[in-house]
2 protein chains.
Amino acid sequence: MATIGDVAREAGVSRSTVSAVLNGRKLVLPETRGRVEAAIAKLSFSVNAGARALATARTMTLGVVVRFHEAEFSPALATYLVALSDAARESGYSVMLLTEADGEAAVRSAIAGRRVDGLVLLNVVEDDPRMEPIAASGFPAVLIGMPQDTRGIDAVDLDFAAGARLLVDHLAEVGHRRATFVRWPDDLYAAGSTYAIRFAAAAREQASGRGMTLEEVPCAVGPEQVRSALGEELLRREAPGALLVHNDAAVAMLPFALHDVGLRVPADRSVVSLHSAELARLYALPFTSVESEPEAVVHTAVELLVRRIDAPDEVPVARLVAPHLERRDSVAPPA
Amino acid sequence: MATIGDVAREAGVSRSTVSAVLNGRKLVLPETRGRVEAAIAKLSFSVNAGARALATARTMTLGVVVRFHEAEFSPALATYLVALSDAARESGYSVMLLTEADGEAAVRSAIAGRRVDGLVLLNVVEDDPRMEPIAASGFPAVLIGMPQDTRGIDAVDLDFAAGARLLVDHLAEVGHRRATFVRWPDDLYAAGSTYAIRFAAAAREQASGRGMTLEEVPCAVGPEQVRSALGEELLRREAPGALLVHNDAAVAMLPFALHDVGLRVPADRSVVSLHSAELARLYALPFTSVESEPEAVVHTAVELLVRRIDAPDEVPVARLVAPHLERRDSVAPPA
DNA sequence: GCACGTCAGCGTACCGGTTCGCCACGCGGG
DNA sequence: CCCGCGTGGCGAACCGGTACGCTGACGTGC
């Protein structure tokens, strides 16, 4: 592999001139530049990323710290990783995967080894231990997820509250006064899952502001439990004509549950939901919904992180990504 | 951040001695080693990966080239990525994500920038263009997937043929003489998807060797088409008492299709399938099956790649990972 | 005609490690 | 007593880039 010295010799200039051409800094006579470029092409030279990193103290690499225990529903993970890598590339960065079971250790060693210029923490939860070494060292990082206390670290997440309001409004606007709120099981809220809490709180508030009644049905995960719980609710006398769903497992099974009991959407029931786009695709969900916006979230995250790398001392930022309603004709006025 | 020079000064030795301690090469007096280690701890020094890479011409990083293709089942992708990163770490390597839409370009620039010591190509298809620059340059790489012509590149994949034989045998052993082979649509085979072809060929051969009849039902993807196609087949008069499935979309919908028409497993139908473990988990599939073995495949891939990095000139290797049968009581003797 | 400013390009130090030849020291043997 | 050898550690070169100060040539203004 050719080095910058080989190029310099070939072009009859010094290494620093080649470097100047490479980086576009300083003025180089067009003719000289031409010779250098020809030499580069001839030797098919390309800069050694490691050497450049050493000289500039910039690796142009971001680390993404994947939380290990994915007991939860994780089809979205790949989407986030790929989107992250794409967004990073747009800014000239590569992405390194950090998957140690002990996320905190992963963060520590990434910082210590100076392999990366910044870190993206995926799927951040309340009091996430991965934040500790970052907060302590001030290393550039961005959280995806929005804990109460971001400990001075930049953070991005979907605006779940706005999503809840969009969905409630959508039901209210066609005249629904009552809805079943199929939500996560209680322990998830108790565990401090902030997106769940934010969604539920906003849904309740918006509903009451709209004069709407929400009848809450917590729904455990597990296909069979979900299906029977849903079946029961759907068959209940006086059940509302609309369903507001924030529970991936439940919404995935909902088409089948509806089919089981012979109810049609939107004729018999209106349905709106917030879930990941990936889920919608996998299960071909036919519901009007607010979908997570992995590309937008990740794009914002990279933007913040790159800015933070360049300006480590600016005040931390928390950013919510505006959700939008994906209409799929699953809502009709109540009977 | 402390450098090796800081450590040397603190310990009162030269930089090369610190390096010797770090790498365990050469003999260092226990007492000297102790002083160095104390200095390292005191300054909380850790080696700068980039500098070491420059000096050793080894980045200790593997690149994973993700094919951009959307249509496939992405939950499995995350599993592979995480498993890959874990396996790499075991061998002291990190993993860099390469997701350019143009996989060939991604490979070229990875090789040119010398950011990685080797490449893993995920999800390789017949005549995959990503192979070209690798074959041309001899850069260390391993394919996950098994094209007919590996072009001298190491390759690993699940042994789909063996998987097919396991499933056919399992049905034959309890006495089934006929089975419906729910398979992928014809165009997938035509497109040269080698795992599909290998499975189908082995299934047919093993069945005929066992004196079993396979009645083939190609099944398009898309939940609704699948469901109706399956329903039709299940209700068909004289339909076999067993289903052999190699089609992710179909097997995911199969529980519902069976439920629709009121058939029970294994009382009314025996079912065996080959699909990804991730699919089984997400859809809680209750079928005896051969599951893809992402950990084993990826582990083998890393093993081969690391060996290839150390010994670039050995003969290329193709390795098939033995599948195993995951019994879930979905098979009973025919009525 | 001279001082000065600009511009293109050069030389060199430096980033933080590794590697390897060399040296000094202590010891044993002839 | 001297030589040779093994051992522990040192110093310098090197990996492949970047950054910055300097120089020489040329153009301009007075």
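A, B, ... follow the sequence lines: proteins, then strands. Residue 1 opens every chain.
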Length of the [atom1]-[atom2] vector between [X] and [N], whole Å:
X        : N      : atom1 : atom2 : answer
A:Asn48  : D:dG16 : CG    : C1'   : 6 Å
A:Arg115 : C:dG16 : CZ    : P     : 16 Å
A:Phe45  : D:dG16 : CZ    : C1'   : 8 Å
A:Arg9   : C:dG11 : CZ    : C1'   : 16 Å
B:Asp6   : C:dC15 : CG    : C1'   : 13 Å
A:Ile4   : D:dA19 : CD1   : P     : 11 Å
B:Glu31  : D:dG9  : CD    : C1'   : 12 Å
A:Arg58  : C:dG16 : CZ    : P     : 15 Å

Which residue lies toward the 5' end of DNA chain D, B:Arg114 or B:Arg35, if each is placed at its nearest nucleotide?
B:Arg35
Quick one: on DNA chain D, does B:Leu54 or B:Pro30 contact a more 5' nucleotide (nearest heavy atom)?
B:Pro30
For the residue pair B:Arg115 and A:Thr61, what are the closest heavy atoms and their distance?
NH1-OG1, 4.0 Å
Give a yes or no on this: more than 12 heavy atoms of other residues, nucleotides or ligands lie within 6.0 Å of atom CG of B:Asp127.
no
Counting heavy atoms from C-beta on, name the nucleotide in D:dG8, C:dT18, C:dC15 closest to the side chain of B:Arg52.
C:dT18
Can you tell which of D:dG17, D:dC10, C:dG16 lies closest to the side chain of B:Val13?
D:dC10
Polar side-chain atom of [X] near backbone of [Y] as donor-acceptor pair, under 3.5 Å:
X        : Y        : result
B:Asn48  : B:Ala51  : yes
A:Arg130 : A:Leu122 : yes
B:Asp6   : B:Thr3   : yes

Checking all strands, does B:Leu29 fall into the base, sugar-phosphate, or nothing category for heavy-atom contacts under 4.0 angstrom?
sugar-phosphate
Pairing donors with acceptors under 3.5 angstrom, does anything connect the side chains of A:Thr99 and B:Arg89?
yes
Verify the distance criterion only: is there a donor paired with an acceptor across the side chains of B:Thr17 and B:Ser14 at less than 3.5 Å?
yes
For DNA chain D, find the residues of residues 14-24 of chain B with a heavy-atom distance under 4.0 Å and give them by number; none if there aren't any.
B:Ser14, B:Arg15, B:Ser16, B:Thr17
